[in-house]
Amino acid sequence: MTTVNNYIAGQIVPPSSNQYLDILNPSTSTTIGKVALSTSSDVDAAVSAAHAAFDQWSSMTVKSRAAIMLKFHALVRSNAKELARLIVLENGKNMNEALADVAKGNETVEYACSLPQLMQGKIDRVSSEVTCRDRRDPLGVVVSIVPFNFPFMVPFWTLPIALVTGNTIVLKPSEKVPLTMYKVIELFEQAGFPKGVVNMINGTKEAVTSLIDHPLVTAVTFVGSSPVAKIVSDKCHSLNKRCTALGGAKNHLIALPDCDVEGTSSDVVVSYAGCAGQRCMAASVLLIVGDKEGVQQKALLQSVVEKACAIQPGTDPGKLGPVIDEQSMRKILGYIEQSEKEGATLLLDGRSWITRMEKTKGNWIGPTIILHENKTDKAMNEEVFGPVLSVYNVSTWQEAIAIENANPFGNAAAIYTTNGGHADWFMKRVRASMLGVNVGIPVPREPFSFGGLYGTKSKYGDMDITGDGAIEFFTNRIKITSKWPTPSVPEYTMGLGQQNQKEKGGDSVDHANFAGRM
C-alpha cells in the first residue's frame with residue numbers, strides 16, 4: 001500500500017497535519033493507498049520552493065529547458081506500461097484507455113520540446129532609426145489543479161509548456177488518483193529537473209484555496225466541474241491573477257439520414273461509453289434527424305444499442321471499467337431514475353451491472369441508452385458524466401441546431417454525414433469550440449489548442465490550455481523599442497543624408513516617428 005506524500009524542493013515531505021485520506025480502487029472499493037491532506041503551511045512551503053527555484057530555471061535558455069523535457073519524454077515512453085497500470089488501478093480505465101492516457105499526455109511533452117522554435121520573438125525596423133522586437137518571459141510560480149478522469153493526460157496539458165517556457169510549478173492532483181503523478185515525480189527527478197522547479201501538493205479544498213490565495217502564485221490552471229471552475233476563475237481575477245478554468249460539457253452528436261450507419265454507430269458508442277463516459281469530450285446527446293420511423297434512422301439506433309449491449313465489464317482492453325466512486329455512481333443512477341419518471345424509454349439499462357458485479361464490489365454501471373420524448377428532460381440538459389446516452393429524434397436540421405445551441409455548455413459537437421456541404425452547414429452553426437465531422441471525440445491534436453467556448457459553462461478565464469494558447473497563457477510578451485545614437489562614420493552619415501533627402505520629398509516622411517522630437 002502506497003502512502004502519497006507531498007513533493008517539495010526535491011524532497012518527499014509528509015503533511016504538517018499528519019492526516020491522510022484513503023485512496024480507493026474503483027473496481028473493488030478496496031483501499032490501495034493513502035494520500036496526504038495538506039494545510040496552508042504545506043502549500044506555503046511548496047510555493048516558496050518554486051519561487052526560490054524560479055530565477056535559476058528561468059535564466060536558462062529555452063533550448064536547455066527543452067533538452068531536459070526531451071529526456072523526460074523518453075522516460076515516459078519507457079515507463080508507459082507502469083504508468084498505465086497505476087491508472088487502471090486508481091481510475092478504473094481499461095488498459096488500452098490507460099495507455100492512450102499516457103500517450104496523449106506525452107504528445108504535449110513532444111510539443112513542448114519544440115518550443116525553442118515556436119516561441120521565438122519577432123524583430124523589425126519600424127522606421128529609419130527605430131527597431132522593435134518582442135520576447136516571451138515566464139510568469140513565475142504557476143499552479144495546476146487537475147481532476148480524476150485522466151490521471152496523466154490532463155496534468156500534462158499544462159506542465160510541459162509551463163516548464164519549458166520557464167515557469168516553476170506546483171501541481172495539485174486529484175486526491176482520488178494521486179498514484180500516477182507520484183510515480184511521475186520520480187521521472188522528473190531522473191530527467192534532471194532542478195529541485196524546486198516541480199512540486200506536488202496533495203489534499204482537498206484547503207490545499208486548493210491556499211494555492212489560489214498565495215501571493216507568490218502568478219497564474220492558475222484548473223480543470224473540473226463548471227461551478228468550481230467559475231469560483232476559481234472569479235477568485236483568481238479578483239486577485240489579478242491569470243487563470244484558465246475549464247468546466248463541464250454537454251456534447252451533442254447530430255446524425256443525418258445520409259450518415260454511414262456502421263461507422264456512425266461504432267463512433268457514437270465509443271464516444272459516450274469509452275472511459276466510462278467520464279470525459280468532458282464524451283457524447284451525451286444523440287440527435288437523429290428525420291422520420292423516427294425511417295429505415296435509416298431505425299437502423300442507426302438499433303446498431304448503437306446492439307454495439308453498446310455487447311460491451312463487457314472489466315479493465316482488460318475493449319471492456320468498460322467502473323466509474324470513479326460511489327458518489328458519482330449515485331448521481332448517474334439518479335439521472336436514469338429521473339428519466340423514467342419523465343416518461344423516457346430505457347433502450348439499454350446499465351443498472352443490471354450492479355447485480356452482475358456484486359461479488360466484485362466497486363462502482364459498476366453498464367452502458368445506458370435513454371430514448372426521450374421530451375427535450376426538457378433532465379438528462380437531456382445536464383452533465384451526467386457517466387456511460388449514459390440520451391437519444392432524441394428531430395425532424396429538421398434547424399431543430400437539431402436549436403437544441404444544441406440552447407445548452408449552456410460549449411465544449412464539443414459533431415455531425416455525422418457523407419455530404420461535405422451538409423457538414424459545412426452545421427459546422428457554421430453549432431455552438432461549441434471543438435467540432436467533429438464523423439468524429440465523436442473531436443479532441444484537437446497538437447499543435448492545435450484545447451479549450452471550451454468563451455461565454456459558456458465549459459470555459460472561464462483566459463486562453464486555451466494547450467498549444468499556442470498555452471504559450472500565450474504561460475508567458476508575458478515583452479516589447480522593446482530601440483533607437484541608438486547616430487554613428488559619426490562617413491559611411492553612415494552619407495547614407496543618412498540620402499535618407500533625409502528622400503524624406504524632404506514628402507511621400508517618404510515617417511509622420512508616426514516621434515522618437516527624439518516633439
Side-chain angles (χ1 to χ4, degrees), residues 23 25-27 76 79-112 144-162 171-185 187 200 202 221-225 228-229 244-249 251 270-284 315 317 320-325 328 363 383 385-387 411-412 434 440-446 449-452 458-459 464-467 470:
I23 307 167
N25 180 340
S27 296
V76 170
N79 287 271
K81 289 184 179 179
E82 171 62 12
L83 293 170
R85 188 191 67 79
L86 290 170
I87 292 169
V88 172
L89 179 68
E90 66 180 353
N91 174 272
K93 281 180 169 51
N94 73 41
M95 181 53 75
N96 280 350
E97 292 168 339
L99 287 167
D101 186 338
V102 176
K104 185 64 182 71
N106 213 22
E107 189 174 85
T108 309
V109 176
E110 290 176 13
Y111 176 81
S144 179
I145 303 166
V146 296
F148 71 84
N149 57 334
F150 285 89
F152 186 90
M153 182 186 77
V154 175
F156 280 86
W157 280 350
T158 56
L159 297 185
I161 299 172
L171 170 70
K172 211 301 283 184
S174 169
E175 68 279 5
K176 299 175 184 179
V177 293
L179 296 173
T180 303
M181 289 309 298
Y182 203 50
K183 172 65 179 178
V184 167
I185 289 299
L187 306 186
M200 187 170 87
N202 295 287
T221 67
F222 172 88
V223 180
S225 69
V228 180
T244 185
L246 303 185
N251 304 320
V270 170
S271 180
Y272 99 84
C275 297
Q278 297 176 124
R279 52 186 170 194
C280 64
M281 295 295 285
S284 186
T315 55
L320 178 60
V323 296
I324 189 66
D325 56 23
S328 295
N363 312 302
E383 184 179 39
F385 219 63
N411 232 35
M434 293 174 282
I441 311 171
V443 175
R445 303 286 293 270
E446 273 66 26
S449 60
F450 184 100
S458 293
K459 182 176 185 175
D464 283 347
I465 204 166
T466 63

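Using a 4.5 Å heavy-atom cutoff, the side chains of Met434 and Val443 are not in contact. In this structure, the side chains of Asp464 and Lys459 come closer than 4.5 Å at one or more pairs of heavy atoms. Contact annotation: the side chain of Asn106 never approaches that of Phe156 to less than 4.5 Å [non-hydrogen atoms, C-beta and beyond]. Contact annotation: the side chain of Arg279 approaches that of Ile441 to within less than 4.5 Å [non-hydrogen atoms, C-beta and beyond]. Looking at heavy atoms from C-beta onward, Val76 lies out of side-chain contact with Val109 at the 4.5 angstrom threshold. Using a 4.5 Å cut-off on side-chain heavy atoms (C-beta onward), Thr466 and Tyr111 make no contact. When side chains are defined from C-beta on, Ser328 does not count as touching Asn363, because their heavy atoms never get closer than 4.5 Å. At least one side-chain heavy atom of Lys183 sits under 4.5 Å from a side-chain heavy atom of Asn79.
Minimum interatomic distance between Ala84 and Val102 (heavy atoms only, all atoms of both residues): N-CG2, 4.2 Å. Heavy-atom minimum distance, Leu99 versus Ala80: CD2-O, 4.0 Å.
Applying the salt bridge (Lys or Arg N to Asp or Glu O under 4.0 Å) test to residues at least two apart or on different chains, the pairs with a partner in residues 84-96 are Glu82-Arg85.
Atom OG1 of Thr180 is separated from atom CD1 of Ile87 by 4.5 Å, given to the nearest 0.5 angstrom.
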